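Report on the following structure.
Start at 1 with the first residue, then count along the sequence. Predicted model, so just to flag it, every value in this text is computed and none were measured.
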Amino acid sequence: FIGSSSFTKWKDVQEYFPGYPIINRGFGGSTLTDLIRYEKEIIFPYRPKQVVIYCGENDVAASDTVTGRIVFKRFKKLFTDIRAKFPHIPVIFISLKPSPSRWSMKDRMLIANQLIQKYLEQKKKAVFISVWENMLGKDGEPIPEIFLEDKLHMNAKGYAIWKKLIEPNLLK
């Protein structure tokens with residue numbers, strides 16, 4: 001698992017996926033450019049059988065000038081680098097999530113999600129998992145009860161939603 005603090009704070013991720021060897025290499029505040037910069041340290045040495053990515057939300061939050069298209073271009077570079085090193089491993093991308101504290105950025109996040117999803121649909125052994133809809137209430141807004149007080153990071157209820165969506169795509 002590589003990406004930002006949504007993975008870093010998932011301290012008990014192994015308990016959610018017993019029987020799967022999870023190496024959590026997420027680090028707080030990371031952007032896709034950070035993952036690219038550190039790929040030789042956080043991905044390549046582990047010779048993974050599969051890579052699960054959650055990143056992009058911090059890219060959008062970093063600046064109003066970071067568009068959904070920029071996030072997509074950054075993701076595409078990371079994906080290309082992973083595939084160049086490991087051409088046959090499955091790659092999972094978890095969509096940017098609808099955090100209440102970043103709700104004003106939702107349009108850029110949705111564009112990033114749409115572009116990445118469309119791109120991955122054309123790739124072999126690549127999966128786009130949308131968590132967006134499952135984290136919204138009937139009112140179309142983020143479900144407050146699945147987030148910590150910071151309204152950015154998830155609690156166990158949020159991670160339970162992710163588990164249901166991720167697990168069917170993991171390699172045993």
Side-chain angles (χ1 to χ4, degrees), residues 1-18 20 22-39 41-43 51-75 77-79 91-117 120 127-170:
F1 281 39
I2 61 168
S4 61
S5 57
S6 291
F7 276 171
T8 310
K9 290 183 174 288
W10 202 351
K11 300 284 187 202
D12 58 349
V13 66
Q14 189 65 68
E15 293 173 28
Y16 282 75
F17 304 106
Y20 297 93
I22 306 289
I23 300 172
N24 189 342
R25 298 297 289 147
F27 56 100
S30 67
T31 62
L32 287 159
T33 52
D34 293 326
L35 297 185
I36 294 162
R37 182 180 310 116
Y38 296 113
E39 61 193 10
E41 289 83 20
I42 63 169
I43 307 169
V51 175
V52 180
I53 304 165
Y54 180 77
C55 201
E57 193 177 342
N58 289 328
D59 297 65
V60 172
S63 169
D64 290 342
T65 63
V66 177
T67 64
R69 186 160 294 284
I70 290 171
V71 173
F72 165 64
K73 286 180 182 178
R74 291 174 179 179
F75 168 76
K77 166 73 172 131
L78 177 64
F79 181 85
V91 175
I92 295 173
F93 182 83
I94 299 168
S95 73
L96 281 63
K97 70 182 183 337
S99 301
S101 67
R102 294 182 173 167
W103 192 235
S104 64
M105 305 170 197
K106 70 178 187 267
D107 293 338
R108 291 184 288 146
M109 291 183 186
L110 286 168
I111 289 168
N113 284 342
Q114 290 165 357
L115 292 170
I116 294 168
Q117 180 175 15
L120 290 180
V127 175
F128 178 89
I129 297 175
S130 180
V131 296
W132 190 274
E133 299 81 14
N134 291 300
M135 297 178 75
L136 299 178
K138 292 178 185 170
D139 62 357
E141 304 262 324
I143 302 167
E145 297 80 27
I146 64 174
F147 289 92
L148 298 175
E149 287 181 19
D150 65 7
K151 298 181 181 180
L152 175 62
H153 299 100
M154 297 177 295
N155 59 30
K157 291 177 186 174
Y159 286 121
I161 292 169
W162 280 30
K163 175 196 179 350
K164 286 180 195 171
L165 298 168
I166 295 169
E167 190 167 28
N169 297 286
L170 294 180

- [ ] Please determine if K157 and E145 form a salt bridge, counting it only when a charged side-chain N lies under 4.0 Å from a carboxylate O.
- [x] no
Open item on the list: Tell me whether the rings of W10 and Y16 are parallel (<30°), tilted (30 to 60°) or perpendicular (>60°).
Closed with: perpendicular
Task: D34 side chain reached by N58 side chain, heavy atoms, under 4.5 Å - done: no
Task: Side-chain heavy-atom pair H153, S5 within 4.5 angstrom cut-off - done: yes
Task: Flag side-chain contact, heavy atom, 4.5 Å: S130 against Q117 - done: no
Open item on the list: Counting C-beta onward and ignoring hydrogens, is there a side-chain heavy-atom pair between F7 and V13 closer than 4.5 Å?
Closed with: no
Open item on the list: As an exercise, state the distance from CD1 of I116 to CZ of F128, rounded to the nearest 0.5 Å.
Closed with: 6.5 Å
Task: Matching residue for F93 among F72, Y54, F79, F75 - test: ring pair (Phe, Tyr, Trp, His ring centres under 6.0 Å) - done: F75
- [ ] Take atom NZ of K163 as the centre, draw a 6.0 Å sphere, and report whether it contains more than 12 heavy atoms from other residues, nucleotides or ligands.
- [x] yes
TODO: Would you mind reporting whether N24 and K11 have side-chain heavy atoms less than 4.5 Å apart?
DONE: no
Open item on the list: Please determine whether side-chain contact (heavy atoms from CB on, under 4.5 Å) holds for the pair S6 and K97, giving the CA-CA distance in whole Å, both sets of side-chain angles, and the decisive distance to 0.1 Å.
Closed with: CA-CA 10 Å; S6 291; K97 70 182 183 337; 3.3 Å; yes
Open item on the list: For the CD atom on E133, are there more than 12 heavy atoms of other groups (residues, nucleotides or ligands in this structure) within a distance under 6.0 Å?
Closed with: yes
Open item on the list: Taking CZ in R69 as the centre, count heavy atoms belonging to other residues, nucleotides or ligands within less than 6.0 Å. Is the count above 12?
Closed with: no
Task: Trace of the side-chain contact (heavy atoms from CB on, under 4.5 Å) decision for R74 with D59 - done: CA-CA 9 Å; R74 291 174 179 179; D59 297 65; 2.8 Å; yes
Task: Working for side-chain contact (heavy atoms from CB on, under 4.5 Å), residues E15 and Y159 - done: CA-CA 11 Å; E15 293 173 28; Y159 286 121; over 6 Å; no
- [ ] Could you tell me whether the side chain of K151 reaches within less than 4.5 Å of the side chain of W103, counting heavy atoms only?
- [x] no
Open item on the list: For D150, I'd like to know if atom CG has over 12 heavy atoms of other residues, nucleotides or ligands within 6.0 Å.
Closed with: yes
Open item on the list: Taking the side chain as everything from C-beta on, heavy atoms only, tell me whether V52 gets closer than 4.5 Å to L170.
Closed with: yes
Task: Step-by-step side-chain contact (heavy atoms from CB on, under 4.5 Å) determination, I146 to M135 - done: CA-CA 8 Å; I146 64 174; M135 297 178 75; 3.8 Å; yes
Open item on the list: Using side-chain heavy atoms (C-beta onward) and a distance below 4.5 Å, is P142 in contact with L136?
Closed with: yes
